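Bear in mind the structure is a predicted one, so any value in this text is a computation, not a measurement.
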Amino acid sequence: MSVRLETEGALGHLLIDRVDKRNAFNMAMWETLPGLLDEAAAKPDLRLLVVRSAQPGSAFCAGADIKELLANKDDADWRRANQRAINRVQYELARHPLPTLAFIEGDCIGGGCGIALACDLRVATASARFGITPAKLGLVYPLHDVKLLTDLVGPGQAKRILYTGGLMSAEEALRIGLVEVMAEAPDTLVEQLLAASPHSIRETKRFVRRVLDGQAEDDADTLRIFAEAFTGPDFLEGTSAFVEKRKPEFGK
């Protein structure tokens with residue numbers, strides 16, 4: 001299998017394993033991924049999902065499988081199915097209930113960059129390279145993914161990235177906000193996320209998604225979530241730990 005889910009306690013790893021093709025995504029991989037996302041969401045012990053290459057030091061994902069696209073370029077039914085599969089992955093990954101982190105060690109190009117954009121956070125090593133290249137292929141990036149990019153880096157940088165199709169270093173990606181952290185491993189951020197209240201992260205993720213989708217004012221639901229947190233078990237544990245000068249031990 002070219003993409004799979006492995007779990008380790010509270011941590012899930014969504015592994016891209018097609019190293020001989022620089023982890024380029026083919027149709028089978030796009031179609032497999034939603035089931036893996038559902039599987040991760042259904043595991044009650046998981047608190048974080050890390051998307052990464054199965055092979056340390058290799059490309060994160062070189063994008064869509066161009067040879068497969070060319071082989072099916074005259075098949076309208078295949079093209080529609082492929083586009084639906086890609087759009088579904090991006091939409092569901094961006095709205096997954098677990099916090100998601102992309103760990104990027106090598107090339108993160110085209111659709112691979114889209115996968116990273118759909119994650120909540122991105123950690124890149126010094127060897128990582130980023131690019132979104134439809135302009136070099138006569139294609140157009142999906143609107144949903146253009147919005148993910150624009151939300152991160154702003155319209156000016158998004159236009160530069162998309163118009164030129166050029167590649168950028170991890171340092172430049174960090175400077176413009178395409179990645180949040182440069183590090184040779186994601187361990188520090190993973191530890192911080194697993195140490196935080198899962199309830200706080202889950203509801204904050206939902207709130208941020210509402211903001212990105214256009215909501216600017218509280219409604220009855222957001223006010224309820226805010227108020228109920230003060231009577232929840234994570235609040236009791238967090239405040240008790242603060243008073244007792246110890247690290248909190250949050251539940252699932």
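Using a cutoff of 4.0 Å between basic side-chain nitrogens and carboxylate oxygens, R4 and E6 are scored as salt-bridged. Residues R79 and D74 are not paired through a salt bridge, judged by the lack of any N-O separation under 4.0 Å between the basic side chain and the carboxylate. We find that R88 and E92 are joined by a salt bridge, their nearest charged nitrogen and carboxylate oxygen being less than 4.0 Å apart. Using a cutoff of 4.0 Å between basic side-chain nitrogens and carboxylate oxygens, R160 and E172 are scored as salt-bridged. Between R210 and D221 there is a salt bridge, with a side-chain nitrogen of the basic residue lying less than 4.0 Å from a carboxylate oxygen of the acidic one.
For E249, the CD atom is loosely surrounded, since the number of other residues' heavy atoms within 6.0 Å does not exceed 12.
Residues passing the ring pair (Phe, Tyr, Trp, His ring centres under 6.0 Å) test with F230 are F226, F235, sequence neighbours excluded. Every residue was checked against the side-chain hydrogen bond (donor to acceptor under 3.5 Å, both in side chains) condition with Q55, not counting sequence neighbours, and none meets it.
Rounding to the nearest 0.5 Å places CD of E191 at 11.5 Å from CG of L48.
Side chain of K205 to main chain of L98: a donor-acceptor pair is present (N/O by atom type, distance under 3.5 Å, no hydrogens or angles). For the pair D65 (side chain) and E68 (backbone), a donor-acceptor distance under 3.5 Å is present. With E180 contributing its side chain and R122 its backbone, the two residues share a donor-acceptor pair below 3.5 Å. Proximity of a side-chain donor or acceptor of Y163 to a complementary backbone N or O of A135 within less than 3.5 Å is not detected. R18 places a side-chain N or O within donor-acceptor distance of the main-chain N or O of A24, the cut-off being under 3.5 Å. Formation of a donor-acceptor pair under 3.5 Å by the R47 side chain with backbone atoms of A196 is found in this model.
Hydrophobic clustering (ILVMFWY, side-chain heavy atoms < 4.5 Å, transitive): F250 and F242 are in distinct clusters. In the hydrophobic clustering of this structure, L117 does not group with L212; members are Ile, Leu, Val, Met, Phe, Trp, Tyr whose side-chain heavy atoms approach within less than 4.5 Å, directly or through other members. L189 and V51 fall into different hydrophobic clusters, where Ile, Leu, Val, Met, Phe, Trp and Tyr are joined by side-chain heavy atoms under 4.5 Å apart, directly or via other members. I176 and V146 fall within a single hydrophobic cluster, where Ile, Leu, Val, Met, Phe, Trp and Tyr side chains are chained together by heavy-atom contacts under 4.5 Å.
Counted by atom type alone, Q83 and R80 present zero donor-acceptor pairs between their side chains at under 3.5 Å.
None of L14, D120, L193 except one satisfies the side chain to side chain contact (heavy atoms under 4.5 Å, CB included) rule with L101; the exception is L193.
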CA sep, side-chain torsions, deciding dist, call: N23, S53, side-chain hydrogen bond (donor to acceptor under 3.5 Å, both in side chains): CA-CA 7 Å; N23 284 338; S53 173; 3.0 Å; yes
Residues E237, R246; criterion salt bridge (Lys or Arg N to Asp or Glu O under 4.0 Å); working and verdict: CA-CA 10 Å; E237 171 60 18; R246 61 174 174 83; 2.7 Å; yes
